[in-house]
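Labels below follow one simple rule: chain letters A, B, ... track the order of the sequence lines, proteins then strands, and each chain is numbered from 1. Bear in mind the structure is a predicted one, so any value in this text is a computation, not a measurement.
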2 protein chains.
Amino acid sequence: MNAADTRNRILMTAMELFWEKGYLSTSVSDILSRSQVHSGSLYHFFPGKQDVLVGVLELYRDGIDEMLLAPNWEGVDDPIERIFALLAGYRTHLIVTDCTYGCPIGSLALEIHEPDPVVRELMAANFSNWSAAIAGCFDAAADRLPAGSDAKALGEFVLTVMEGAVMQARTYRDIGYFDRNIAVLRDYITTLLAGAKSGSFA
Amino acid sequence: MNAADTRNRILMTAMELFWEKGYLSTSVSDILSRSQVHSGSLYHFFPGKQDVLVGVLELYRDGIDEMLLAPNWEGVDDPIERIFALLAGYRTHLIVTDCTYGCPIGSLALEIHEPDPVVRELMAANFSNWSAAIAGCFDAAADRLPAGSDAKALGEFVLTVMEGAVMQARTYRDIGYFDRNIAVLRDYITTLLAGAKSGSFA
DNA sequence: GACTTGATTGAATACTCAATCAAGTCGTTC
DNA sequence: GAACGACTTGATTGAGTATTCAATCAAGTC
């Protein structure tokens, strides 16, 4: 096994573990035993545990298109439906994990109370990429939205609703909380599309 | 100092620390040194660290009216404005903490990945109390909302928006993310009040 | 004034943690 | 084939962790 493989295996394993158990509850030994890598190797590639986290956050940041958007948007052309297709992807994650799933970035954002600036900015960059992708959908549907609609703010709002809906479904272990939240969001977006005299919140 | 005082001081201190540093990052020693209580005393009242958390969650659950709602709703009678008054309270917390504030329940919900059932149900109960309070506002304004509006779902949605908005403001260290999210929420609620043919998402 | 109860003390325990280090292996280059 | 540097091994370190426990204390109660 070459060096790049080792580094990559560490990162993929850490990505899994941080998602399953969170960053704080994942020990370096956890990463070592699951990845079958020895501690010296890990510390050869990464100065410390936090640098592994940085690597994972960079993977998320650089992989949003291929890992997240492309799979969920395949065969979905309408920009508004793309928004709900992405949300449906999160719903699927919740279902297959018995409502144990949590958004990895959101979990980290609330788990780490005093983040290193590098870590915090990477979490923010991940949020920005996500909401920018949604804002792109709203931009693509700008002609169907009220004039002056703020696509950026709407993208951030959809991110907010996803995070909150996932948080509640996970806490209650009940997908109903996710579904109701998304239904309310759809109601709102429907009123926007219906051309209600709205969208002037910017 | 009597026993009730000691127990209470432990809980108040733990509440502070869990909010500042999170549950996992708060050590029992942290609680002991700040509360000036000795370890034996703590373990006399609480079987273990998790039971301190349970006590704190019970304090939140039982104190929502006096600690959260009453202060924010003083002098605010309109039920819809009460919703935004409560959200404004969270905005104030963000401002005075330089956007470091996090909702204590939301943070715990995402921080603890495999919660004990007792803990998870207490977090859920806290969410339920919060969104039920908001649902009560929507109920009180039912005559101004579209017929068939689902007050419970709307209450959960407002909780979602609060949690997501706080999460983003905290991650970006920028109150603008909170304000934009709340502005979108207000836009939505405004369209509901304007009697748009909506609210039929239930 | 003997006895009980509950609260308190703080040292000791058993354990986990991130991180280190010296000794090795391997491939590449001259 | 020698020399070099990148990588690997895994035992070890030492600080920090939650928790336990025997002993002490204060305040009742009969």
Side-chain angles (χ1 to χ4, degrees), chain A residues 1-57 107-108 111-120 122, chain B residues 1-57 107-108 111-120 122:
Chain A
M1 181 176 53
N2 66 31
D5 281 349
T6 303
R7 202 190 114 97
N8 209 52
R9 178 128 107 262
I10 293 166
L11 285 178
M12 297 305 271
T13 308
M15 187 184 260
E16 278 176 25
L17 283 165
F18 292 164
W19 173 73
E20 290 172 22
K21 319 178 41 168
Y23 173 70
L24 294 169
S25 299
T26 297
S27 69
V28 174
S29 327
D30 289 337
I31 301 171
L32 298 177
S33 58
R34 185 180 290 189
S35 64
Q36 300 271 58
V37 164
H38 298 272
S39 63
S41 300
L42 187 148
Y43 284 99
H44 172 76
F45 292 105
F46 302 97
K49 184 187 178 188
Q50 181 181 285
D51 302 274
V52 177
L53 172 61
V54 167
V56 167
L57 287 170
S107 297
L108 288 169
E111 175 181 14
I112 304 174
H113 280 241
E114 281 167 2
D116 188 276
V118 178
V119 170
R120 195 185 59 71
L122 273 167
Chain B
M1 181 175 54
N2 67 33
D5 281 350
T6 302
R7 202 190 115 98
N8 209 53
R9 176 130 107 260
I10 293 167
L11 285 177
M12 298 304 272
T13 307
M15 187 184 262
E16 278 176 25
L17 283 165
F18 293 164
W19 172 72
E20 289 171 23
K21 319 177 44 167
Y23 173 68
L24 295 169
S25 299
T26 297
S27 70
V28 174
S29 325
D30 289 337
I31 301 172
L32 298 178
S33 57
R34 184 180 291 189
S35 63
Q36 300 272 58
V37 164
H38 299 272
S39 63
S41 301
L42 187 148
Y43 284 98
H44 173 76
F45 292 106
F46 302 97
K49 185 187 177 189
Q50 180 180 286
D51 302 273
V52 177
L53 173 61
V54 167
V56 167
L57 287 170
S107 297
L108 287 169
E111 176 181 13
I112 303 174
H113 280 240
E114 281 167 3
D116 187 276
V118 177
V119 170
R120 195 185 58 70
L122 272 168

Grab the [atom1]-[atom2] distance between [X] and [N] for me, whole Å please.
X	N	atom1	atom2	answer
A:Phe46	C:dT20	CZ	C1'	18 Å
A:Ile31	C:dC17	CD1	C1'	12 Å
B:Leu42	C:dA11	CG	P	17 Å
B:His44	C:dG6	NE2	C1'	5 Å
A:Leu53	C:dA19	CG	P	12 Å
A:Ile10	C:dA19	CD1	P	13 Å
B:Gln36	C:dT9	CD	P	10 Å
A:Arg9	D:dC7	CZ	P	15 Å

Could you tell me whether the side chain of A:Asn8 and the main chain of A:Asp5 form a donor-acceptor pair under 3.5 Å?
no
Identity of whatever pairs with C:dT25 - Watson-Crick or G-U, under 3.5 angstrom:
D:dA6
May I ask which nucleotide in the shown strands pairs with C:dT20, Watson-Crick or G-U wobble, both distances under 3.5 Å?
D:dA11
[X] vs [Y] side-chain heavy atoms within contact, under 4.5 Å:
X	Y	result
A:Ser25	B:Leu24	yes
B:Glu111	B:Leu108	yes
A:His113	B:Glu20	no

For A:Leu42 and A:Ile31, the nearest pair of non-hydrogen atoms, with its separation, is CD1-CG2, 4.0 Å
Closest listed nucleotide, where the reference is the side chain of B:Ser41 and the choices are D:dT8, C:dT9, C:dA7:
C:dT9
Can A:Glu114 and B:Lys21 be counted as an ion pair, charged N to O under 4.0 angstrom?
no
Taking the six-membered ring of A:Tyr43, is the NZ or CZ of A:Lys49 close enough (under 6.0 Å from the centre) and on axis enough (within 45°)?
no
Heavy atoms under 4.0 Å is the rule here; annotate nucleotides 16-21 of chain D 5' to 3' with B where the base is hit, S where only the sugar-phosphate is, and - elsewhere.
-SSBBB
C:dT8, OP1 or OP2 - any side-chain N/O from B:His38 closer than 4.0 Å?
no
